[in-house]
Amino acid sequence: MEEVWTKTFEVDGREFEAVFIRRPFREGLEVRIDVDGEEISVAEFGFGETSLLEKARALVADHLKKRQ
């Protein structure tokens, strides 16, 4: 059974929800974020939830800059 939880974070004054997924028999975490209908997904192996959330925040910021 996979474990799923969410955390919200802010980028450029907007709130986003990160969906964390930990699956049995797999190392690390995966996080998915919906940015204006586009899904950003990234996996991290061994660095933990805080590190993955910071990476997700940076990816969302980059994604928003490219769309401007």
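In this chain, numbering begins with 1 at the start of the sequence shown.
- In terms of hydrophobic clustering, with Ile, Leu, Val, Met, Phe, Trp and Tyr side chains grouped at heavy-atom distances under 4.5 Å, F16 and L59 are assigned to a common cluster.
- Grouping the Ile, Leu, Val, Met, Phe, Trp and Tyr side chains by contacts below 4.5 angstrom, directly or via other members, places I21 apart from L53.
- Side-chain contact check for E44 and S51: no donor-acceptor pair (N or O, by modelled atom type) lies under 3.5 Å.
- The shortest heavy-atom contact between A56 and V31 is CB-CG1, 4.1 Å.
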Query - Intermediate values then yes/no, side chain to side chain contact (heavy atoms under 4.5 Å, CB included), T6 and E17 - result: CA-CA 6 Å; T6 62; E17 184 175 73; 3.8 Å; yes
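- The existence of a salt bridge linking E30 and R23 is confirmed by a sub-4.0 Å separation between a basic side-chain nitrogen and an acidic carboxylate oxygen.
- In the hydrophobic clustering of this structure, L52 groups with I40; members are Ile, Leu, Val, Met, Phe, Trp, Tyr whose side-chain heavy atoms approach within less than 4.5 Å, directly or through other members.
- When each of V11, I33, V35, D36 is tested with H63 by the rule side chain to side chain contact (heavy atoms under 4.5 Å, CB included), just one qualifies, namely V35.
- Side-chain contact between R57 and E10: absent, with no pair of heavy atoms (C-beta onward) separated by less than 4.5 Å.
- Both F9 and F20 are members of a single hydrophobic cluster when ILVMFWY side chains are connected at heavy-atom separations under 4.5 Å.
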